Protein chains: 2
Amino acid sequence: MINKMDKREFKNKVYGELAKTTKALANPHRMEIIDLLAQGSFPVETIAQYTGMSIANASQHLQVLKSARLVDTTRRGNFIHYHLANEKVFQTWRSLRELGIAHNAEVEKLMNDYRKGYHPLEPIAADELLKKIETGKVVLLDVRPEEEYARGHIHRALSMPIDQISKRIKELSKDKEIIAYCRGPLCVYADEAVELLTKTGFSANRMVEGFPDWQAKGYPIE
Amino acid sequence: MINKMDKREFKNKVYGELAKTTKALANPHRMEIIDLLAQGSFPVETIAQYTGMSIANASQHLQVLKSARLVDTTRRGNFIHYHLANEKVFQTWRSLRELGIAHNAEVEKLMNDYRKGYHPLEPIAADELLKKIETGKVVLLDVRPEEEYARGHIHRALSMPIDQISKRIKELSKDKEIIAYCRGPLCVYADEAVELLTKTGFSANRMVEGFPDWQAKGYPIE
DNA sequence: TACCTATTCAATAAAATAATTGAATACTTG
DNA sequence: CAAGTATTCAATTATTTTATTGAATAGGTA
């Protein structure tokens, strides 16, 4: 029962602080960074390249995320690697992503239109895929960069990074349906893979979600 | 396989749209509004009063939320009532709230300091309370405005709005421990109630969460 | 220790967001 | 249909956020 803070002042401060954390998330570049960091840790240069930003700009956005404690750093040799501060950050990003997709008709339209530029199929959801795997008639293809596959991947998935598929396509059999997956629903590597595969006569489709989502659902990984 | 959109352009647009939705949330006033609307629907004037804003200002913020499709309106007689667009909005708000509390030391400190101005007890969590209820030695007190109690409340809770407690305190028995709850972890009615009750010799504490959180957990309601 | 390179900082200009006020609008109700 | 009232709009100013550039820093490596 010490000195009572004014009620309005208390609320202004609390909601103000909560808004600060949310503001750190509320930027297109920073959202793309969070989405990338859901795969693991990366140095500034990689992040800048992948998101199409200048290094200084990427660094600045990373500082914003860091001071909001959403990401953290680890030094490895000459490089500083950024990674999500913890699981809760990823959960919240998922929540915002789902909310955005559900509430913003424009997002859904963009996703559909873009995908249809590559293949006409409706992507398959993680839980459907899980059932399908049990039938044994599916091959899972992880088309992310090799290094990300190495950090963790779906149980029994084959690694075939998007920029190697055309060369290595003969390794695949046409007897089974191929399901490609990548980083997440906003990642387009899997769509590019599906286009390449169907063009070559394979029966292929993509999974909506990515590896981090699969993992978050508690489905089998390696 | 129609006209392919440029990959970078696609990403800029998608993350841009997602950020728009998030930006609609990323404001102290709007967060407080969302938190209030988690209780049900309210007209602009009530929202303005509760959040300490001018009506015009509140209306403006409500428009922002509405065009992001986070809230929706229903007309009742002369009044336009605002309510959350759906469950997902509340889920996302919870996610952001938890993230903020966990990552922003300032928020936790504010909450602790404020609470200690009223009573020294650590509030009890919903799941602990659920267990305690089974022992039968607890009385639950809903200290929100009567109308909100009427819309829905915890199973067997008594309604005693904060501004009536001092008059009606004799209705309560000192044989049982009293647990007060209100709108949520950032709502302070329950703290005020606990202060009043302990001063009068009752054994009382607050629940951390509020009714909407209790409901979201699937615990028994009426 | 000195160099090298990844990363951050600082300063500026441009763009977006917020609060405030008073006027305008759009319903309902009588 | 008229009147009254809840709500929204519009315009202005203040504040915050963002991109860009080049310089500074800091840590590892030789």
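In this text, all values refer to a predicted model and were calculated from it rather than measured experimentally.
- Between B:His61 and B:His29, the ring planes lie tilted relative to each other; the angle falls in the 30° to 60° range.
- With rounding to whole Å, A:Glu32 atom CD is found 15 Å from D:dT18 atom P.
- Taking atom CE on B:Met53 and atom P on C:dA18, their separation rounds to 12 Å, with Å as the unit.
- Nearest nucleotide to the side chain of B:Ser59, out of D:dT18, D:dT8, C:dC9: D:dT8.
- Geometric assessment of B:Arg144 against the ring of B:Tyr50 yields a negative cation-pi assignment under the 6.0 Å and 45° thresholds.
- Using a cut-off of 4.0 Å between Lys/Arg side-chain N and Asp/Glu carboxylate O, A:Glu9 and A:Lys13 are scored as salt-bridged.
- Side-chain atoms of A:Ala56 lie closest to D:dG22 of the nucleotides C:dA6, D:dG22, C:dG22.
- Applying the 4.0 Å criterion to OP1 and OP2 of D:dT17, one finds that A:His61 has every side-chain N and O outside that range.
- Looking at heavy atoms from C-beta onward, B:Phe42 lies in side-chain contact with B:Glu148 at the 4.5 angstrom threshold.
- Straight-line distance from the CD atom of B:Gln63 to the P atom of C:dA19: 15 Å, rounded to whole Å.
- Between the C1' atom of C:dT5 and the CD atom of A:Glu45 lies a distance of 10 Å, rounded to the nearest Å.
- Remark: A:Tyr82 is in phosphate contact with C:dT8, judged by side-chain N or O atoms under 4.0 Å from OP1 or OP2.
- Distances shorter than 4.0 Å separate none of the side-chain N or O atoms of A:His81 from OP1 or OP2 on C:dA6.
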Report task. Evaluate the criterion salt bridge (charged side-chain N to carboxylate O under 4.0 Å, His left out) for residue pair B:Lys7 and A:Glu192; output intermediate values, then yes/no. Result -> CA-CA 11 Å; B:Lys7 189 164 161 179; A:Glu192 296 171 358; 3.4 Å; yes

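- Across the protein-nucleic acid pair, B:Ile33 atom CD1 and C:dA18 atom P stand 12 Å apart, rounded to whole Å.
- B:Arg8 has no carboxylate O lying under 4.0 Å from a charged side-chain N of B:Asp6, or vice versa, which leaves the two without a salt bridge.
- The aromatic rings of A:His81 and A:Phe79 stand perpendicular to each other, their planes meeting at an angle above 60°, with 30° marking the opposite boundary.
- Contact annotation: the side chain of B:Ile101 approaches that of B:Arg97 to within less than 4.5 Å [non-hydrogen atoms, C-beta and beyond].
- A parallel orientation is assigned to the rings of B:Tyr15 and A:Trp93, their planes being inclined by less than 30° (bins at 30° and 60°).
- Taking a 4.0 Å limit (strictly below) on heavy-atom distances, residues 7-21 of chain A does not reach DNA chain D anywhere.
- In terms of position on DNA chain C, the residue among A:Ile80 and B:Arg30 whose nearest nucleotide sits closer to the 5' end is A:Ile80.
- In this structure the side chain of A:Arg206 reaches within 4.5 angstrom of the side chain of A:Cys182, judged on heavy atoms.
- If you take CZ of B:Phe79 and P of C:dT29, they are 10 Å apart, rounded to a whole angstrom.
- If you take CD1 of A:Ile55 and P of D:dT21, they are 14 Å apart, rounded to a whole angstrom.
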Produce the list of close N/O pairs, under 3.5 Å, pairing protein atoms with atoms of nucleotides 11-16 of chain D; give distances to one decimal.
none

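- Not one side-chain nitrogen or oxygen of B:Asn57 sits closer than 4.0 Å to the OP1 or OP2 atom of C:dA18.
- Taking only side-chain atoms of A:Ser54, from C-beta outward, the nucleotide of C:dG22, D:dT21, D:dT18 with the closest atom is D:dT21.
- Rounded to a whole Å, the CG atom of A:Leu25 is 14 Å from the P atom of D:dT17.
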Query - side-chain contact (heavy atoms from CB on, under 4.5 Å) between B:His155 and B:Leu140, worked out - result: CA-CA 9 Å; B:His155 179 62; B:Leu140 267 173; over 6 Å; no

Dump the pairs, protein N or O against N or O of nucleotides 24-28 of chain D, anything under 3.5 Å, distances to one decimal.
none

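- In terms of modelled atom types and a separation under 3.5 Å, the side chain of B:Tyr181 and the main chain of B:Ile154 share a donor-acceptor contact.
- B:Arg76 comes within 4.0 angstrom of no nucleic acid atom, judged by non-hydrogen atoms across all strands.
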